[in-house]
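So the structure is just underneath, and the comments pick up after that.
Note that this is a predicted model, so its numbers are computed, not measured. Below, chain A is the first sequence line, B the second, and so on; all start at residue 1.
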2 protein chains.
Amino acid sequence: MTAGFDALPRRERLHARVTEALARRVIQAEQNAEPLVFPKEEILCQQLGVSRTVLRESMKVLADKGMVEMKPRAGTRARPRSEWRLLDPDILAWQAEIYADAAFLRDLCEVRLAIEPTAAGFAAVRATPEEIAEIENSLREREARSGSANGEELIELDLKFHTAVVAASHNPLLKELSGIIREPFRIALSITSRFPSTVQLGLEAHHALLAALRRRDPMAARRAAEEVVGLAMLAVEKAIRTRSRKKSTVEQFK
Amino acid sequence: MTAGFDALPRRERLHARVTEALARRVIQAEQNAEPLVFPKEEILCQQLGVSRTVLRESMKVLADKGMVEMKPRAGTRARPRSEWRLLDPDILAWQAEIYADAAFLRDLCEVRLAIEPTAAGFAAVRATPEEIAEIENSLREREARSGSANGEELIELDLKFHTAVVAASHNPLLKELSGIIREPFRIALSITSRFPSTVQLGLEAHHALLAALRRRDPMAARRAAEEVVGLAMLAVEKAIRTRSRKKSTVEQFK
DNA sequence: TAAATCATATGATATGATGTTTTACCGTGA
DNA sequence: TCACGGTAAAACATCATATCATATGATTTA
């Protein structure tokens with residue numbers, strides 16, 4: 001080993017780096033809408049400077065995610081995006097990084113629109129007083145710091161609010177689903193936070209949601225959560241429209 | 001080939017079998033609420049009769065799913081269920097097999113309650129005429145065969161209906177999410193199908209959903225889908241109540 | 001008691017042996 | 001000449017073994 005190579009962070013394991021490198025080639029081919037057939041393992045090992053063990057382990061991971069197909073004699077080729085496991089955390093991360101365009105953010109918001117109102121409805125019935133207190137705390141803290149803190153902190157507090165609401169639904173599946181889309185959600189929030197009027201309306205909706213939880217009113221909680229997510233979607237749509245002429249990478253949103 | 005002495009199912013790969021064997025030990029420990037620390041790799045290799053490569057690959061898979069934690073010197077131990085990736089297809093399958101109890105089915109229905117009305121709402125706006133035709137076909141075929149066909153076929157057609165509706169939302173994330181819970185959903189359907197009155201009401205709700213899609217009415221589509229899932233939940237709750245005194249394995253639902 | 005050291009289990013990677021699947025070529029016979 | 005069938009080779013699939021690195025619990029020592 002120790003072939004002369006790069007200054008990449010050694011902190012990341014070798015197979016993780018190889019996996020990501022291969023995934024990027026698949027994603028790029030998908031964006032260019034061109035088929036991709038990898039060279040045979042021996043050649044690929046030489047190109048990447050790794051052993052077959054590492055290469056194969058990485059390919060196996062990608063195959064498990066549905067991104068490539070390995071067949072004897074026929075080589076390894078990229079599969080269309082429709083076959084990918086889009087909810088896989090890794091793919092979601094790579095997507096958020098590369099495909100952070102209108103369609104992806106819209107799809108993401110729609111998943112939130114599915115999850116959060118439902119979770120809020122169940123939370124209204126099942127939340128413990130402690131959980132409601134935690135939800136309230138994150139909201140109050142966010143308001144208290146809305147002038148002083150930086151955007152990062154405010155987004156973090158907003159995330160905490162939403163996470164606490166979903167957790168209060170006492171449904172581990174909903175909770176995990178919410179966790180899976182947490183990172184892309186953070187990006188969406190960073191967009192939303194750039195529209196002060198929306199932020200203001202959003203805060204009111206947050207309060208309405210909290211009040212509904214306190215009243216143990218599932219329907220009102222649902223509606224309030226729909227309002228919260230709906231406002232976020234509007235902001236995302238607005239951001240997308242105003243930037244639709246630029247190239248759509250995540251950079252423009254950071 | 002053809003000669004063979006080995007009539008055993010070599011079809012399953014070694015590491016897959018090892019993975020499942022280890023997973024079962026984790027699940028069992030979780031059910032007994034007792035901590036589980038695996039013996040060191042060398043011993044485990046001997047116990048299972050495999051090489052360290054295979055064992056480690058299997059353990060790595062389980063670690064990736066959040067079921068175990070591997071630490072140098074400290075050995076490998078099982079993690080609590082709250083840490084598992086519950087939406088992982090494998091875990092979902094193992095869960096459906098072992099934990100098919102009231103709580104799991106309820107959680108599952110709630111995810112459907114989150115996804116389907118939302119997907120239906122978007123489908124009302126975005127479905128192509130072909131997609132609506134496909135949805136209608138699966139519904140009509142199911143009605144046509146409701147007397148003659150066996151339960152399996154009817155459930156399959158019902159699944160087809162729901163899959164088509166979610167697909168018509170044109171949101172790949174919702175579609176994949178729906179696919180992930182497809183297998184457990186099948187179990188839930190097999191329960192629902194045992195209550196004729198519910199099935200009848202469900203058919204009416206299905207028609208209402210189809211009509212809403214035709215009218216391009218998102219709100220009506222949402223409400224109809226909520227009705228469909230709500231009825232299914234009622235059936236599941238009913239089945240759970242009437243069987244709550246028996247032990248809760250999936251067997252009782254098959 | 002606290003720091004230093006050691007022993008040990010896991011982590012990472014390479015290499016090799018053997019099995020399996022598919023393609024492609026080649027020989028035979030009609 | 002062409003169709004058919006069988007065989008060999010190519011490339012992937014699987015599993016094992018080996019070596020060195022690293023982290024950490026345990027022990028010892030100052």
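A:Leu55 has its CG atom 14 Å from the P atom of C:dT15, to the nearest Å. If you measure from atom CG of B:Leu62 to atom P of C:dT10, you get 15 Å, rounded to the nearest angstrom. The interatomic distance linking B:Leu44 (CG) with C:dT8 (C1') rounds to 16 Å, in whole Å. Distance A:Arg17 CZ to C:dT13 C1': 12 Å, rounded to the nearest Å. As a whole-Å value, the separation of B:Gln46 CD from D:dA16 P is 13 Å. Taking atom CD1 on B:Ile43 and atom P on C:dT8, their separation rounds to 13 Å, with Å as the unit. When the P atom of D:dA11 is taken as reference, atom CZ of A:Phe38 falls 17 Å away, rounded to whole Å. Taking atom CD of residue A:Glu57 and atom C1' of nucleotide C:dT13, one finds them 10 Å apart after rounding to whole Å.
In this model, the phosphate group of C:dT10 is not approached by any side-chain N or O of B:Lys71 to a distance below 4.0 Å at OP1 or OP2. The phosphate of C:dG11 has OP1 or OP2 within less than 4.0 Å of a side-chain N or O from B:Arg56.
When the nucleotides D:dT17, C:dA17, D:dG25 are ranked by their closest atom to the side chain of B:Arg73, D:dG25 comes out on top. The side chain of B:Glu41 sits closest to C:dG11 out of D:dC12, C:dG11, D:dG25. Listed candidates were D:dC15, C:dT10, D:dC12. Nearest to the side chain of B:Val54 is D:dC15.
With respect to A:Arg186 and A:Glu156, a salt bridge is recorded, a charged nitrogen being found less than 4.0 Å from a carboxylate O. A salt bridge links A:Arg126 with B:Glu110: at least one charged nitrogen is closer than 4.0 Å to a carboxylate oxygen.
In terms of position along DNA chain D, the nucleotide closest to A:Glu42 lies nearer the 5' end than the nucleotide closest to the other residue of the pair B:Ser51 and A:Glu42.
Here the CD atom belonging to A:Glu30 is positioned 12.0 Å from the CZ atom belonging to A:Arg79, to the nearest 0.5 angstrom. Rounding to the nearest 0.5 angstrom, the gap separating the CZ atom in B:Arg140 from the CG atom in B:Asn137 is 8.5 Å.
The side-chain heavy atoms of B:Glu20 and B:Trp94, taken from C-beta on, include a pair separated by under 4.5 Å.
Side-chain to base pairing of B:Thr53 with D:dT14: no donor and acceptor N or O lie closer than 3.5 Å to each other. Interface remark: the B:Arg52 side chain does not form any donor-acceptor pair with the C:dT13 base, using a distance-only criterion of under 3.5 Å.
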